[in-house]
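Okay, structure first, notes after.
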Amino acid sequence: MRPEAREAVITVRGLRNQFGAQVIHDHLDLDVWRGEVLGIVGGSGTGKSVLMRTIVGLNRPRAGSINVLGVDVLGADEDVRHAVERRWGVLFQDGALFSSLTVAQNIEVPMKEHLDLPDKLRAEIARLKVKLVGLPPEAADKFPSELSGGMRKRAGLARALALDPEIVFLDEPTAGLDPVGATAFDNLIKDLQQALGLTVFMVTHDLDSLYAICDRIAVLAEKRVLVEGPIEVMLEQTHPWIREYFHGPRARAALGA
Amino acid sequence: MNAEIGKTTFWQTARREGGLGCACTGAWIIANAAAIDAAIAGTESVSGHAILDLGGLSRLDTAGAHLIVKAERRLAAGGATVERIGARPEYETLLELVTCDAARLVPPPPGPPWIIRFLGGIGQSTVNAGHEARDLIGFIGLVIVTLARLIVKPWRLRLTSLVFNIEQVGFNAMPIIGLLSFLIGVVMAYQGADQLARFGAQIYVVNLLGISVLRELGVLMTSIIVAGRSGSAFTAQIGSMKLREEIDAMRTIGLDPVEVLVLPRVLALIVALPLLTFFADIMGLLGGALMAWSSLDLPPRLFLTQLQQAVELHTFFVGLIKAPVFAMTIAIVGCYMGMKVSGSAESVGKMTTASVVLSIFLVIVIDAFFSVFFSMVGL
Ligand SMILES: Nc1ncnc2c1ncn2[C@@H]1O[C@H](COP(=O)(O)OP(=O)(O)OP(=O)(O)O)[C@@H](O)[C@H]1O
Ligand SMILES: [Mg+2]
């Protein structure tokens, strides 16, 4: 993407997160451009999930500013925040479906909250989302506890996509999916991104996803975004962890494929 | 974005030679979906050739794409051949994504009529109640067997867990149980004195208080509070562990959940409930004595002498002996209901309610049996 054409949909500046004495992020800066798929990588426990939770407002940072879709989410009042929430969708690391609702009802929750749709149309759209994420029709009427882990993930994505958001936050979307399913998931995200101009903020360890669909990658290490850029930039890095990550045996396998 | 609603017409149709021309205009997005859906529902059905012009679309999302497919399907069902023109390539991708068999978008029919469901529900609950009773008895058996194994191998007792649970269910419950028993004593003394005063027999308020608190109220109040406080906690704790597969994990490691989770709780309550009952008895009498002193001018010394005549040691023990039985009941029901949790977070709530209701019910039923038994043996 040409630099002058980019518009930042998420801007994070000087972010600091801390739990007790443990500092997770310090002086973290990050930009996400409209329409891109940004992959966030980093070792376990480097604070990828915490970063995502902070951006969507589930965790209040100690310092820094966060701007999403032109709104200062930390300072905005309730109504403005509510309006922004309608424009993003979040898929949590373990799906986080409402366990007392069926999959279709789960997908209808954000639609009921934010839109006034006739029941029949809402049910149709919910079932369409079930189809979109590649779940079989009968999954729509099942409860989350009756689904496999990978199916729960897909159902979580369907809920995240319920309002056709402008940004989706995905926390390890392909973890726990079979390789065929994971590839289909990648393709779906790519298709949606191209067709809808979706911006995707994706925490992932899946090297195949990184190669296949991420326009840009941000590496979280040493409490901040250490490097960012397309995969070619990653391959040139000399930082030992990044080298190991992108040149290890798994990475070579993914690259070779 | 919302300003677009109402101002724009999303769907225009015009008859043309050999069929119909339809133009989709504006933003076909989920926020406008209700209006668009209503507009396409009003389209007359034509035969011949229908042309769908997507050139005027300013935005399209999956809901909008679905509505386009729906409109095409409607026209086709009316006997028209549909042609789509003017779609941008990215819209084509989207339309392809959302195209699917119409049948899978319809929710399944809601099932049989309500009367059948109602009658079926009665039958189902009856059968369930039977199964519940059978399973509960099975669980009691399991606990007893595990307990017996523990007697043979006492070192397997989880001492830390036992002590922790005694603190939780016993020590930490003292303030609330003490306060409530004290107040019950106050109320009993006051109400009793009021009635007895009509016969000039105020002094017998001590008998009333001594017998009712020691025999029934102390242990019953304590059990009910403990059922609400600890029985529910047992269910919720074990239930959430069950939900997160912690219990399954224990089994695979070779730990017996009954030994690790249930026994410490049962034993803790068996130890704690009699102690709490004793405490409640004392506090109830204390409340009564204070009330008698302040409003009846019955000095504590006189209260004690009268109490000594009114109650015998067995009055006290008749109350206390029920405590371990109630403790078993509450703890076993609490743990059993926790083990029954499955599926959803809602199930934890349902089982917790069921646990409190069932244990209080059983405590009162067992208390009634005790009364019958004691009157038969003449106590
Ligand atoms: N609520 C919390 N309280 C205290 N510490 C927390 C909390 N949430 C996260 N942490 C800590 O923050 C750090 C980052 O956690 P995070 O979940 O973001 O890791 P992650 O990068 O997503 O790892 P993974 O790849 O394993 O998912 C961890 O060290 C964790 O212990
Ligand atoms: Mg994480």
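Within every chain, numbering begins at 1; the chains are lettered A, B, ... in the order of the sequence lines, protein sequences first and strands thereafter.
Counting heavy-atom pairs closer than 4.5 Å to chain A, the top residue among D61(B), L95(B), V106(B), L243(B) is D61(B). In terms of non-hydrogen atom pairs under 4.5 Å with chain B, the most contact-rich of E124(A), E146(A), M111(A) is E124(A). Your options are P108(B), G64(B), A345(B), S347(B), and the one with the most heavy-atom pairs under 4.5 Å with chain A is P108(B). In terms of heavy-atom pairs under 4.5 Å with chain A, the best-connected choice from P89(B), A65(B), S342(B), A34(B) is A34(B). Contact count versus chain B (heavy atoms, under 4.5 Å) is highest, among L121(A), L101(A), I125(A), L115(A), for L121(A).
There is no contact between P165(A) and chain B, counting heavy-atom distances below 4.5 Å. With a 4.5 Å cut-off on non-hydrogen atoms, Q194(A) touches chain B through its backbone but not through its side chain. In this structure, the portion of A162(A) lying under 4.5 Å from any heavy atom of chain B is its backbone and not its side chain. The parts of L128(A) that come within reach of chain B are both its backbone and its side chain, each placing non-hydrogen atoms under 4.5 angstrom from that chain.
A cation-pi geometry, defined here as NZ or CZ lying under 6.0 Å from the six-membered ring centre and within 45° of its normal, does not hold between R159(A) and F92(A).
Looking at K48(A), its side chain does come within 3.5 Å of a backbone N or O of G43(A) through a donor-acceptor pair. At least one donor-acceptor pair under 3.5 Å links the side chain of K129(A) to the backbone N or O of L161(A).
No side-chain heavy atom of R154(A) sits under 4.5 Å from any side-chain heavy atom of L147(A). The shortest distance between side-chain heavy atoms of L52(B) and L75(B) falls below 4.5 Å.
Between W88(A) and F169(A), the angle of the ring planes goes over 60°, which puts this pair in the perpendicular group of the 30/60° scheme.
Within 6.0 Å of atom CD in E138(A), more than 12 heavy atoms from other residues, nucleotides or ligands are found, so the atom counts as buried in its surroundings.
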